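Note that the coordinates shown come from a computational prediction; the quantities given were computed from them, not determined experimentally.
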Amino acid sequence: MTPESPLRDAVAPVLVLPGTEATAGPAPGSRPDSVAAVRSHLDNVLPAFESLRSQSFHLAAWGEELARRLLRGARLLAAGNGGSAAEAQHLTAELVGRFDGERVPFSAISLHAETSAVTAIANDYGFEELFARQVRAHARSGDVLMLLSTSGKSPNLLRAAEAAARLGVATWALTGPGPNPLASGCDEAVTIDGPAANAQECHLIALHAVCRAFDAEVVRRGRQGSPGGAAR
């Protein structure tokens, strides 16, 4: 690189892993308590991730089973509260849109995103019935209900799982540390050992992993046409 190059003073970014922070000096103006809070959060990332990684086979099985069901014309329903609602909606977007490669769309609905239904149900029946009533409206035997919660204790999700079970709908929970009521109340669960924020970060990784397995199964079955099953 010549001395005249505008990049001569560029510095490559440095990846700092947990346990190596001492090699990096604090940024100008940063407060020690803020730095400590950030480092504490980052120190919890890898243990939470390892908790998820130990359940890789479970995530792969979910992706494969979801592909088999949706290719037969079934539907995914998903729900969560707060940040978990956003992540549930991320999953349905990946299925209705696409993940990595081009493929047909699949039926997936985020129950919390139905704003008029959400406000009407919460107003008329109470917040705890928010998702259960929608499950009774939309779900059919053979569908999958994915419920996300870092606490695993949300009453509206627990009621949704109960409603789904009565309809023959498979219930999958993605939660924080187990055991917890939601994980126990669903057919299957992946639980993340870690603080709520780190568990939620791992939930997004888990959903992407499920999508990757889902797409691989769709390709394996050679079904790039429309999903089968009866019209709904």
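Shown here are the salt bridge (charged side-chain N to carboxylate O under 4.0 Å, His left out) partners of D124, two or more places apart in sequence or in another chain: there are none. Partners of R133 under the salt bridge (charged side-chain N to carboxylate O under 4.0 Å, His left out) rule, at least two apart in sequence or in another chain, do not exist in this structure.
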*Given side-chain contact (heavy atoms from CB on, under 4.5 Å), test F127 with N81 step by step and report yes or no.*
CA-CA 11 Å; F127 198 75; N81 295 292; 3.8 Å; yes
*Criterion side-chain contact (heavy atoms from CB on, under 4.5 Å) on I109 and R75, from CA distance to verdict*: CA-CA 8 Å; I109 299 174; R75 168 183 293 154; 4.0 Å; yes
_Set out, in order, the CA-CA distance, both residues' side-chain angles and the distance that settles side-chain contact (heavy atoms from CB on, under 4.5 Å) for Q134 and V118, then state yes or no._
CA-CA 9 Å; Q134 292 187 75; V118 163; 4.1 Å; yes
*Candidate pair M146 and L77, rule side-chain contact (heavy atoms from CB on, under 4.5 Å), full reasoning*: CA-CA 6 Å; M146 174 82 83; L77 302 178; over 6 Å; no
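A donor-acceptor contact closer than 3.5 angstrom is absent between the side chains of E114 and H138. For the residue pair T92 / S110, a side-chain donor-acceptor distance below 3.5 Å is found, with atom types taken as modelled.
Taking SG of C211 as the start and CZ of R98 as the end, the distance is 13.5 Å to the nearest 0.5 Å. Between the CG atom of D193 and the OG atom of S54 there is a distance of 8.0 Å, given to the nearest 0.5 Å. Atom-to-atom distance recorded for F214:CZ and L91:CG is 9.5 Å, nearest 0.5 angstrom. Summarising the geometry, atom CZ belonging to F106 is positioned 4.5 Å from atom CG belonging to L71; distances are rounded to the nearest 0.5 Å. Between atom CD of residue Q200 and atom CG of residue L148 there is a gap of 8.5 Å, rounded to the nearest 0.5 Å. Annotation: the span from H58 atom NE2 to L174 atom CG amounts to 10.0 Å, rounded to 0.5 Å.
L76 and V190 fall within a single hydrophobic cluster, where Ile, Leu, Val, Met, Phe, Trp and Tyr are joined by side-chain heavy atoms under 4.5 Å apart, directly or via other members. Residues L52 and L66 are members of one and the same hydrophobic cluster, defined by side-chain heavy-atom contacts under 4.5 angstrom among Ile, Leu, Val, Met, Phe, Trp and Tyr. Each of V144 and L182 belongs to its own hydrophobic cluster when Ile, Leu, Val, Met, Phe, Trp and Tyr are linked at side-chain heavy-atom distances under 4.5 angstrom. In terms of hydrophobic clustering, with Ile, Leu, Val, Met, Phe, Trp and Tyr side chains grouped at heavy-atom distances under 4.5 Å, V104 and L70 are assigned to a common cluster.
Of all non-hydrogen atoms in C202 and I192, the two that sit nearest each other are CB-CG2, 4.0 Å. Nearest heavy atoms, D187 versus A170: OD2-CA, 3.4 Å. Smallest separation of non-hydrogen atoms from A173 and A183: CB-CA, 4.2 Å. G176 approaches A199 most closely through the heavy-atom pair CA-CB, 4.0 Å. A85 and G80 get closest at one heavy-atom pair: CB-O, 3.2 Å. Contact record, A161 with T171: O-CG2, 4.0 Å, taken as the closest heavy-atom pair.
Between the side chain of S184 and the backbone N or O of N180 there is at least one donor-acceptor pair closer than 3.5 Å. The main-chain N or O of A79 is never found under 3.5 Å from a side-chain atom of H112 such that the two would form a donor-acceptor pair. Panel note: side chain E217, backbone E65; no donor-acceptor pair is recorded below 3.5 Å. Between the side chain of S151 and the backbone N or O of K153 there is at least one donor-acceptor pair closer than 3.5 Å. For S56 (side chain) and R53 (main-chain N/O), a donor-acceptor pair under 3.5 Å exists by modelled atom type.
Salt bridge status for R69 with D143: absent, with no side-chain N to carboxylate O gap under 4.0 Å. The existence of a salt bridge linking E129 and R136 is confirmed by a sub-4.0 Å separation between a basic side-chain nitrogen and an acidic carboxylate oxygen. Taking a cutoff of 4.0 Å between a charged side-chain nitrogen and a carboxylate oxygen, E162 and R159 do not qualify as a salt bridge.
Between L147 and the choices L158, T175, L111, L157, the side chain to side chain contact (heavy atoms under 4.5 Å, CB included) rule is met once, by L157. When each of R221, R220, R103 is paired with D215, the salt bridge (charged side-chain N to carboxylate O under 4.0 Å, His left out) condition holds for R103 and for no other.
Using a 4.5 Å cut-off on side-chain heavy atoms (C-beta onward), N198 and P195 make contact. Side-chain atoms of F49 and I205, non-hydrogen and from C-beta on, do get closer than 4.5 Å to each other. With contacts defined as side-chain heavy-atom distances shorter than 4.5 Å, the pair H90/H203 does not qualify. Looking at L207 and E94, their side chains never come closer than 4.5 Å, going by heavy atoms from C-beta outward. Between V45 and D43 there is no side-chain heavy-atom pair separated by less than 4.5 Å.
Taking the six-membered ring for Trp and thresholds of 30 and 60 degrees, W62 and W172 have nearly parallel ring planes, at less than 30 degrees apart.
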